[in-house]
Structure formats: structure tokens, C-alpha cells
2 protein chains.
Amino acid sequence: MIKYESIAKDIQEKIEQGIYKPNDQLPFEAEMCETYGVSRITVKKAMDLLVMRGMVIKRRGSGTFVKNITLPANDEYSFSTSNQFSGFFHTEGHKDVRSEIKEFQIINPPEIVAQRLKITEEDFVYYIERIRYSEGVPNVVEYTYMPIDVIPGIKKDILEKSIYEYISEGLGLKIKSAHRTVRATLPTVQEEEYLEIEHCFPILEVEQVAFLDDGRIFEYSKSRHRGDKLELKTVSVQ
Amino acid sequence: MIKYESIAKDIQEKIEQGIYKPNDQLPFEAEMCETYGVSRITVKKAMDLLVMRGMVIKRRGSGTFVKNITLPANDEYSFSTSNQFSGFFHTEGHKDVRSEIKEFQIINPPEIVAQRLKITEEDFVYYIERIRYSEGVPNVVEYTYMPIDVIPGIKKDILEKSIYEYISEGLGLKIKSAHRTVRATLPTVQEEEYLEIEHCFPILEVEQVAFLDDGRIFEYSKSRHRGDKLELKTVSVQ
DNA sequence: GAGTGGTCTAGACCACCCC
DNA sequence: GGGTGGTCTAGACCACTCG
């Protein structure tokens, strides 16, 4: 559909298939213009996407090259947060992923949550507490708040699958961006039980405020992951 | 110098100064074209920069708005890794930041490090182990490997200041991007001593492979931070 | 000097939002 | 319908790398 996306996708696939190998030089921008029948700015935008994804590097005066790095390991539990959203869907779709809902209520949000969601303490939000299992092993406890005005119609069966799928496919809303803060902590007493760990066990906490396409905030959440089950990958490009 | 950067900088400053407040609508792109005397694509590129920095949001058909979020807290120990490099310099420049060098040698790299740096085990690298203190309190132990061919001339006094300053200003090299993996772990016995903590204390580990402008890898490092002293912020934009 | 990617222009059409 | 940002064009000049 969109030209620069399909060009980026084409090149990315060729890299993943090994047609272009690490350190290989990609075709020049001028060459790609002819190949794909587009203008140079469009090719440039496609390559900039791949730069943001950490897959290629550009050197003025030299060319564009496949990046010099072992590609994101296919760890089931790692999720990547470069500038695309791979990973926003929490590597759903893997075998044997299920959720156990511990709490599901509609409440007035605590002050801090109201601040983060930019709503008042009198508004209503879903409060969801769920444990996510992979291959039968508990990985993460998620504490999620979502304004009912923004995301109406959540039922228990949706939580057991993917909220994100419901938002994008069920409601036709587009997820746009997220601000995340990552910390290392220790589990609470309850989390020791939920995650089947001892007190002296590292927890990777990901606090997230997530935005829709139209600028509304639809989620404030804290995900507290077993330290041995999640690593978070990022690419930063200047 | 570069037009889109200076436009972005101008708008960013106005947001930080409160001239544009959260949820305010920014001038239309067409309007900014006149204000700054540039074409629309240039304005667009400037605004896209601010979108990547998580400062504004664009809505097709409506306009561009200041984002709806408490701005990155000025925690001394938090560093941000959106798509600019704020934070690459480890929030240096704060008062009372100093380093204690525990190891500084030139060695052949272990196999894993050689793989990450894309060199052979016969090449030479600096190996640096240092503790960084802020306000007299140990925050982080850094284990750093740098190829001597890429970053020549490191001396002990450079390590006590900022390696990054030496690379960019001393050597005239440009830092371009970094791949990071973040994990939560527990300290080693030695780190308990270095960081003045007990064994049961969360550690935020940041593993990093860093690239220069010209595509060369100049650093492989693991930074292991006291969990109570660092949080890592990211913005991901689709 | 030849060739690369970086920036920028002036203009066009489209998808989307709101009135 | 009028106006927004999204995509795209064809062409220009510049900064940089490399032989």
C-alpha cells in the first residue's frame, strides 16, 4: 500500500533471508529508485525506517550497509522496542500463552493513575490484575488501568486473549506510541506466590503509558516480569 | 545550521518554557512554513523529530498537539533513550559524579566479546572496570570493552572523566547508535562490595553495543546499576 | 573528480477530521 | 466542504568519502 513501507519490507525480508548479509552494501538509493519506480525521497524514507529498526547503517559518501550485529535473538520472552511496535503485542501468538485473571473491576482510579491517564479521580477505569503464563510457567504480573470511555466493552474473555487485539481489531482503534519506564526491583509477597519465586528474586518492572493514534491515553500499566524470563531490547539512533 | 533541527529546537524550547502547554495545538504546518520561511516537508521533518522525542502528537485532519504527559522527570539517575541520544552521555555533568577505576588493561577479548565487537580473539581491546559514584554513593559498575584500533589513546585520566567526551571531542568521532538489552538480576559477590549493597538487592543490567557514524563498533559494555538508583525511560512511536 | 547520502524546494494528490 | 497532516514527485545543491 504505502510505497516506502513496502520497500522497507522487501529489503528487510532480503536481509532476514540472507540475500543481503551483514556488512553487505545495499543497492544505491538511485538504483533502488529505478528498481521500485519511485523517487529518491521515498527510497530514503524506506531506508530511514530500517535505520530506526537497527537493521542497516548509512554512511554519507559510501553507501548503505547491512548492520554488523547478531540480529535480535528469537528469545520468546524478549520484546523489542525500537521505533516500530514489534513487541507491543507482547510476543503473543507463541504457543501455550495464557492469562489468569486475578482481578477485574471497574473502579475510580487512585490519584497517581488518574494523573497518568490524564483523567479525574471521579472517572471510571477498568482495573485488571492478571498473571501471564508461557508454557505453563508464570512470567509476569500485569496491573492495568484503562479508561472505560476510551476502551468500552471489555469482558473477561477478551482479557484471557489479547487486549491489544481487541483494541485494534475489535474497536478499530490504532495504537500509536508508548512511554515506558523500566526498573529493577524485588517482588511483593503476593508476587512471590503468583510468580512462584522466592523473595530474593529480581523483577523487571515496565511502567507504561500508551497512546492511541488520536492522542488519547488508553492505558496505564505496570508489568512486573520474572527477571529470568524477560529482557528488553532497544535500538537508539541519533 | 540544519533548518529542521533548529525549528524543532525552537518549538521544543517553547514547550519547555510553557509557552505551549500540554494539549495545546501547535501552529499548523502551513503556518510554520511562513514563520520559518521553509517548505512544508522541512516543517514536517522538524515535527517528526518531536514526535519521536515523545513531545507532541499529530492527528491527521486535526493538527499537532503538545503531548499529554508529565515530561521526563528530572531524576538525576534516569536517562532517556528515545530516538535522540539524550542520555547517551549517562547524565554526566551532574554535580559530584566521579569514577573509580578498578581495572584498566589491554587484553585479548573473550569469545563472546569478540563476537559482539565483530573482531577476532587475537585483536586487542581495552578492558575497563569502573565504579561510578554520584554524590559519593556508588551507583553502577561498568564493564567496558573497546577495540584499541577504533579508539586509540585512552589513558587513565580520560576514564576518570567521560570516555564519550574523549571520543567525540578528542578523537572527532561521531557516535551514531546503540543496541541495548536490559535485564533485572542480582549482584555478584564482588558487586555487593563495590555497590555497598546486600546480596538480596535488584540490579538493572544494561548490555550495550555501540556504533560510530561510520558503522564501526566501538564499545561493548555491561552496566550494572543499583536498582534504586536508575530507571530507564524509552519512547516508542509507530 | 566521481559518486554517495543529507537537506531542501514547490507543488501535487490523498485520507482523514470536523463542521 | 474546507482544512489538516500523509505521501510522493522531480529536481537542486551540499557534505562527505574514496580513489
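Proteins get letters first, then strands, A, B, ... in listed order; numbering begins at 1 in each. Quantities reported herein were computed from a predicted structural model and do not represent experimental measurements.
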Determine whether the side chains of A:Tyr164 and A:Glu219 contain a donor N or O and an acceptor N or O closer than 3.5 Å.
-> yes

Can you name the one residue among B:Phe218, B:Phe124, B:Tyr127 that meets ring pair (Phe, Tyr, Trp, His ring centres under 6.0 Å) with B:Tyr145?
-> B:Tyr127

Side-chain donor/acceptor of A:Asn108 to backbone N/O of A:Asp123, under 3.5 Å | yes

Of all the heavy-atom pairs spanning A:Val150 and A:Ile217, show the shortest one and how long it is.
-> CG2-O, 3.9 Å

Geometric class of the B:Tyr126/B:Phe104 ring pair [parallel <30°, tilted 30-60°, perpendicular >60°] = parallel

Correct closest heavy-atom pair for A:Ser62 and A:Gln25 would be O-NE2, 3.0 Å

Nearest-nucleotide comparison on DNA chain D, the residue closer to the 5′ end among B:Leu26 and A:Met1 = B:Leu26

With no hydrogens and no angle check, do the side chains of B:Tyr220 and B:Glu207 hold a donor and an acceptor under 3.5 Å apart?
-> yes

Contact interval (first through last nucleotide) of DNA chain C with protein chain B, 4.0 Å heavy-atom = C:dT7 to C:dC17

Between protein and nucleotides 15-19 of chain D, what N or O pairs are separated by less than 3.5 Å?
| from | atom 1 | to | atom 2 | distance (Å) |
| --- | --- | --- | --- | --- |
| D:dA15 | O4' | A:Arg60 | NH1 | 3.1 |
| D:dT17 | O3' | A:Ser62 | OG | 3.2 |

Side-chain donor or acceptor of B:Lys45 paired with backbone N/O of B:Thr42 under 3.5 Å = no

Using a heavy-atom cut-off of under 4.0 Å over every strand shown, decide if A:Lys44 touches base, sugar-phosphate, or nothing.
-> base

